[in-house]
Amino acid sequence: MKPTDSSGRVKDGAEAVLTATGLGVGFFPEPDRRLEVVAGVELRLCAGRTTALVGESGCGKSVTAAALGGLLPRGMAQDQGEIRWADGAARGPGRGLAYVFQDPGECLDPVFTVGSQIRETLPPEDRGRVRERLEELLLTVGFTEPARVAESYPHQLSGGMQQRAMLAMALASRPRVLVADEPTTALDVTVQAKILRLLADLQRRENLAVLLITHNLGVVAELADDLHVMYAGRIVESGPVDLLRAPRHPYVQGLLKALPRLDGAGEKLEGIPGAVPPLGRRPDGCRFHPRCPLARAVCREREPELRAGGDGRAVACWACGEGGWA
Amino acid sequence: MNAPLLEVENLRVTYRVGRRRVEAVKGVSFSVARGRCLGVVGESGSGKSSLARAVLALEDGVAGRVRFAGQDVAALDRAGLLAFRRRAQMVFQDPLGSLNPRLKVGAALAEVLRVHKLADSRAAAAQQTARWLETVGLDPAYARRYPHELSGGQRQRVNLARALCVGAEFLIADEPVSALDVSVQAQILNLLKTLQETRGITWLLIGHDLAVMRHMADEVIVLKAGEVVERGPAADVLAHPSHPYARELLAAAPNVGRALARRAAGSRSLGLMEPPSAVQDRPPR
């Protein structure tokens, strides 16, 4: 059985717009030395659904997202697996795929007005009706005075407004897939809530396939339909978002136990000992074994594959086979 | 109940912007008892960082009174102020930005000990440094590392060691875990709690994560636009806030349990607060 044929299984039969199979990215500090960054990633992004990619820093979420659009930084290359669009065409950023990043202040150019920056991303078919399209886009992302916002420079807008402008810019290219990489991490909670509502709303109205990248499990539980948890470059658990009720992988269980609770239960947080291993120092066997409370000999020796259960969920863990240890 | 270690009365912080005066903190009062943790909740622009700096006498344009261990901080002479700065310290959000990249961890700690004349020889400084690194859960061998060689959690431990090594009893922590990954955040929160319990450290914890506040703080104040809009025991305020702004903060915070329950009940809409009445999109002129 292919390791993850269930990871993207879709309940309501939504069509996959973009699929990645066996995706692997290497970092080449020298031309003939390869460090593995991401390996064996399987994704199915469907119209009208939000798929979340979750994990701590250094787990490969953003690299995976960058690989989808061919935006890998210098020194990295996607040298394994395949990225396929449903219609078979080769596409990239601005052609079916759009990104929104964490820090809108850094992504917007300070010397051009918001309007002129959005105008630049308009596809040829909209160039004849720039003014109308600009107004339409700014209204779509919740601005009530589009003309005024279009004339503003980025520094004249608050963080939340800048992120709205980024969303308008992303939508300008009429994407089918929107990659939102920590879109609200830099924002205050009340502003974050508004941007998340807007994202959910846009996704529904525009029938977008959204890939949401975040470390915040609360945001995932609010927004995502499907979930993939990454650890040290691999997907360790996948399934519909309610897998968070009873995760199977010890890493995902640990992440949830590490969160302080609003009801104040628990004097000490359990947490996970240690930290995510850096590139080039990932352990043999299961990558999580040095931090895992369940680790046994097999975990140190062989890497577990992501195995599908019958319920649309998949997990890569020797302790999570049928009836316990595989 | 212990006597308050810190008493703040009608504190005001005013900045001058061109010819205008902007009041960032508008008459805030509170007190923190020895060995307790007061949480200050607020979003950007609420004045929480100005408040922190004013308490530590790092800010000009301050009116009102700050008393530490019964003494008026504004009335301290040079020596008194140095002693105050030893007992009251600050830990920042960005653990890398608050360490000198060119100093090894051991040297950074030794420098602070020297400034405060707490170690009369190199050997004494090294010995104390090792002891404090152990206190914050780091192997003393880390004294020979540079900040960039450490993880975010390890750097925050070094920052704590640097504050503690000069004898701090009162620590202001400004978003101390918001730059850290979840699993590491839990380790640091546990350490903060341990320091409170075993060393009697008094905390002023500044942040926006209400679950972190609920976990750490005994009492909280909610700050909005420089004013306290709600105060009380953390368990009460964070479970049943009465001020609309505090309620809005609570409703806006994404929460795994609440979201999953709502979705299990079949709701497709986002649970995060009610739709905003009007989107604010007026660029400042």
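The chains referred to below are lettered A, B, ... by the order of the sequence lines, with proteins before strands, and numbering in each begins at 1.
- The environment of CZ in R144(B) is sparse: at most 12 heavy-atom neighbours from other residues, nucleotides or ligands sit within 6.0 Å.
- For L187(A), no part sits under 4.5 Å from any heavy atom of chain B, backbone or side chain.
- No more than 12 heavy atoms of other residues, nucleotides or ligands sit less than 6.0 Å from atom CD of E106(A).
- Using a 4.5 Å cut-off between heavy atoms, A234(B) does not touch chain A at all.
- For A165(A), no part sits under 4.5 Å from any heavy atom of chain B, backbone or side chain.
- By the 4.5 Å heavy-atom criterion applied to side chains, T194(B) and K268(A) are counted as neighbours.
- Contact residues of residues 174-192 of chain B toward chain A are D181(B), V182(B), S183(B), V184(B), Q185(B), A186(B), Q187(B), L189(B), N190(B) (heavy-atom distance under 4.5 Å).
- The environment of CZ in R205(A) is crowded: more than 12 heavy-atom neighbours from other residues, nucleotides or ligands sit within 6.0 Å.
- Contact of P273(A) with chain B is made through the backbone alone, with heavy-atom distances under 4.5 Å.
- Contact record, V189(A) with E43(B): N-OE2, 3.2 Å, taken as the closest heavy-atom pair.
- Counting only distance, with no hydrogens or angles, the side chain of Q192(A) and the backbone of A252(B) share no donor-acceptor pair below 3.5 Å.
- The shortest side-chain heavy-atom distance between D225(A) and R263(B) falls under the 4.5 Å cut-off.
- Chosen from S57(A), G159(A), G55(A), the residue pairing most often with chain B at heavy-atom distances under 4.5 Å is S57(A).
- Between L243(A) atom CG and L260(B) atom CG the span is 9.0 Å, to the nearest 0.5 Å.
- Taking every heavy atom of both residues into account, L262(A) and R214(B) meet most closely at O-CG, 3.2 Å.
- We find the CZ-CD distance between R258(B) and E222(A) to be 6.0 Å, quoted to the nearest 0.5 Å.
- Rounding to the nearest 0.5 Å gives a distance of 11.0 Å between CG of N255(B) and CG of L217(A).
- In terms of heavy-atom pairs under 4.5 Å with chain B, the best-connected choice from G58(A), G274(A), A275(A) is G274(A).
- Under the side-chain hydrogen bond (donor to acceptor under 3.5 Å, both in side chains) criterion, Q253(A) pairs with no residue, sequence neighbours left out.
- When all heavy atoms of V212(B) and P260(A) are compared, the pair lying nearest together is CG2-CG, 3.8 Å.
- In this structure, the portions of V241(A) lying under 4.5 Å from any heavy atom of chain B include both its backbone and its side chain.
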